[in-house]
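Here is the structure we will look at.
One-based numbering along the sequence shown. None of the values given here were measured: they were computed from a predicted structure.
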Amino acid sequence: MPDVVLEHVIRTYMQTDQETYIFTWQGGEPLLMGLEFYKKIIGFQSQYGRKGARVANGVQTNATLINAKSSRFFRKYQFLLGCSLDGPAWIHNQYRRNRHNQPSHQLVLKGLEHLKKNSAQFNILVLVTQANVHAAGVIYDYLVKQGFCYQQYIPCVEFDKNGALCDFAITGEEWGRFICQIFEKWQAHDIFSVSIRNFDSILSKIVDNNTDICAMSDTCCQYLVVEHNGDVYPCDFFVRPQYRMGNIMSDSWQDLLTSDVYRNFGAQKSDVNNACKKCSYLYLCNGDCLKHRIYNNHQSDNKSWLCDGWDHFFEFALGRFEQIADKIRACRRQSLSKLIR
């Protein structure tokens with residue numbers, strides 16, 4: 001992203017009225033930009049932010065380029081890094097290899113060690129593929145043993161140009177078994193010591209009726225994607241010509257947010273399949289992410305590719321989530337009682 005675009009994005013965004021100005025930096029691999037790029041980001045945010053404004057920065061990275069200097073910088077400015085780690089070396093290295101076909105696991109651990117040593121904030125992103133979908137317990141135990149207590153599991157669903165599921169991608173049935181096994185491990189000992197975003201979001205919905213991830217929402221008007229040249233799209237899974245909303249160098253944020261492309265895209269989320277309308281779990285998944293519904297010429301009212309897996313998981317775990325929610329409510333009441341006394 002050229003400096004002129006970077007500065008314009010930050011300046012105009014920070015002129016809008018927000019409780020918190022949230023920036024998530026993604027690639028490709030965003031750390032290829034070098035630390036100077038992130039120093040420019042902080043400089044522009046400081047220059048154009050009003051006094052007292054809150055700013056949140058996140059980076060999604062494979063962690064191989066993190067060093068002591070960058071980890072100290074990220075800690076100083078409170079960046080949150082989402083770091084890809086798919087399990088122990090024999091799992092991670094099946095797909096996570098560099099352009100010379102060399103394994104990356106050791107480089108990832110080295111980067112994560114820099115983050116830990118310098119107290120930078122990070123969580124672990126596990127992409128669930130054919131390399132690890134049958135090793136849920138192994139992955140969970142490995143991450144906890146490493147002290148990685150902030151985790152997120154992301155199902156890999158991709159199709160080739162002929163509409164066939166890619167060899168590395170997973171089925172709904174496999175996803176359901178995987179996430180159930182992760183839940184069992186987590187529930188047994190770690191519900192208050194390990195944060196799994198997939199589960200935190202469900203508990204947030206049950207306890208507070210709060211939807212904090214877009215896949216669970218009834219609309220996909222959640223954020224905007226700005227490409228390197230300023231082109232704007234409604235979702236990083238749908239950076240396609242038909243979803244181009246405009247360009248931030250010529251269109252205002254307000255114009256983009258009220259554009260027909262954005263509104264029509266977001267409205268597709270609630271256009272769920274007829275079977276979903278009868279499902280008792282609809283309030284939790286809202287038909288799942290559009291990426292898992294719109295594929296191979298299917299429309300938005302298609303059932304999610306992962307529907308069978310989610311159905312199995314909710315049937316398996318929802319009652320236990322309710323029990324955990326009761327514990328959370330009880331803890332809150334006790335805390336409130338102490339404050340009153």
Side-chain angles (χ1 to χ4, degrees), residues 18-19 22 24 26 58 60 82 125 127-128 152-159 163 169-172 175-176 179 197-227 231-246 251 253-315 318 321:
Q18 310 289 333
E19 290 185 6
I22 302 173
T24 302
Q26 294 182 296
Q60 187 165 329
L125 307 178
L127 185 65
V128 184
Q152 181 178 355
Y153 295 89
I154 304 169
C156 179
V157 178
E158 297 290 342
F159 299 88
I170 65 172
T171 67
W175 170 247
I179 201 67
R197 190 180 183 194
N198 312 68
F199 303 159
D200 292 345
S201 297
I202 292 171
L203 287 168
S204 180
K205 180 67 176 179
I206 294 173
V207 176
D208 298 315
N209 196 30
N210 179 46
T211 303
D212 61 5
I213 58 173
C214 53
M216 293 174 61
S217 176
D218 60 358
T219 177
C220 279
C221 292
Q222 300 287 334
Y223 60 91
L224 296 177
V225 174
V226 183
E227 288 287 279
D231 283 348
V232 180
Y233 298 84
C235 173
D236 53 315
F237 292 131
F238 291 89
V239 179
R240 304 171 188 170
Q242 66 267 38
Y243 295 113
R244 182 182 179 274
M245 298 161 53
D251 299 297
W253 293 105
Q254 184 61 29
D255 288 341
L256 293 165
L257 290 169
T258 57
S259 71
D260 289 341
V261 175
Y262 191 52
R263 291 301 171 190
N264 291 338
F265 176 83
Q268 292 179 104
K269 188 63 164 63
S270 60
D271 184 25
V272 297
N273 188 271
N274 286 332
C276 296
K277 297 174 183 178
K278 304 173 185 177
C279 178
S280 56
Y281 307 131
L282 181 61
Y283 75 102
L284 289 171
C285 76
N286 269 303
D288 199 14
C289 176
L290 281 179
K291 177 181 183 289
H292 302 145
R293 287 161 48 181
I294 302 176
Y295 60 89
N296 294 351
N297 297 318
H298 290 299
Q299 301 303 309
S300 57
D301 62 352
N302 183 44
K303 284 177 65 175
S304 167
W305 175 258
L306 300 175
C307 181
D308 290 344
W310 281 121
D311 186 72
H312 175 62
F313 173 66
F314 288 133
E315 183 178 359
L318 189 53
F321 273 121

Heavy-atom donor-acceptor pair, S204 side chain to D200 backbone, under 3.5 Å: no
Close side-chain approach of F237 to L290, heavy-atom, < 4.5 Å: no
Pair F238-I294, side-chain contact (heavy atoms from CB on, under 4.5 Å): steps then yes or no: CA-CA 10 Å; F238 291 89; I294 302 176; 4.3 Å; yes
Considering all heavy atoms, the nearest S300-D271 contact: OG-OD2, 2.9 Å
K303 to C276 - nearest heavy-atom pair and separation: CG-SG, 4.5 Å
Under 3.5 Å donor-acceptor, R244 side chain and V239 backbone: no
Rounded distance [0.5 Å steps], CZ in F265 versus SG in C221: 8.5 Å
Any L306 side-chain heavy atom under 4.5 Å of V157 side chain: yes
Exam field: side chain D301 to backbone V272, donor-acceptor pair closer than 3.5 Å: no
Whether R197 side chain and I213 backbone form a donor-acceptor pair below 3.5 Å: no
Distance in Å, S280 OG paired with F314 CZ, rounded so as to fall on 0.5 Å steps: 10.0 Å
Shortest non-hydrogen contact between G287 and S304, atoms and distance: O-CB, 3.8 Å
Check: C214 and Y223 side chains under 4.5 Å, non-hydrogen atoms: yes
Separation between CD of Q222 and CG of D212, rounded to the nearest 0.5 Å: 10.0 Å
Stepwise side-chain contact (heavy atoms from CB on, under 4.5 Å) test for N286 and T211: CA-CA 11 Å; N286 269 303; T211 303; 5.7 Å; no
Heavy-atom side-chain contact between Y153 and F199 under 4.5 Å: no
Donor + acceptor pair across side chains of S270, D218 (<3.5 Å): no
Donor-acceptor pair between K205 and N209 side chains, under 3.5 angstrom: yes
Nearest heavy-atom neighbours spanning R263 and L257: NE-O, 3.1 Å
Heavy-atom neighbours of E19 CD exceed 12 at 6.0 Å: no
Atom NZ of K269 with >12 non-hydrogen neighbours under 6.0 angstrom: yes
Sidechain-backbone polar pair: W305 side chain, I170 backbone, donor-acceptor under 3.5 Å: yes
Worked verdict on W253 versus L224 for side-chain contact (heavy atoms from CB on, under 4.5 Å): CA-CA 9 Å; W253 293 105; L224 296 177; 3.7 Å; yes
Heavy-atom pair with the smallest gap, counting every atom of G163 and F159: O-CD2, 3.6 Å
Interatomic spacing from CD in E227 to CG in D236 - rounded to 0.5 Å: 9.5 Å
From CA spacing to verdict: side-chain contact (heavy atoms from CB on, under 4.5 Å), Q299, N302: CA-CA 6 Å; Q299 301 303 309; N302 183 44; 5.9 Å; no
From CE (M245) to CG (D255), nearest 0.5 Å: 10.0 Å
From CG (L282) to CE (M216), nearest 0.5 Å: 11.0 Å
Check: C235 and K291 side chains under 4.5 Å, non-hydrogen atoms: no
F321 and F313 aromatic ring geometry - parallel, tilted or perpendicular at 30°/60° bounds: perpendicular
Side-chain donor/acceptor of S259 to backbone N/O of L256, under 3.5 Å: yes
Sidechain-backbone polar pair: N264 side chain, D260 backbone, donor-acceptor under 3.5 Å: yes
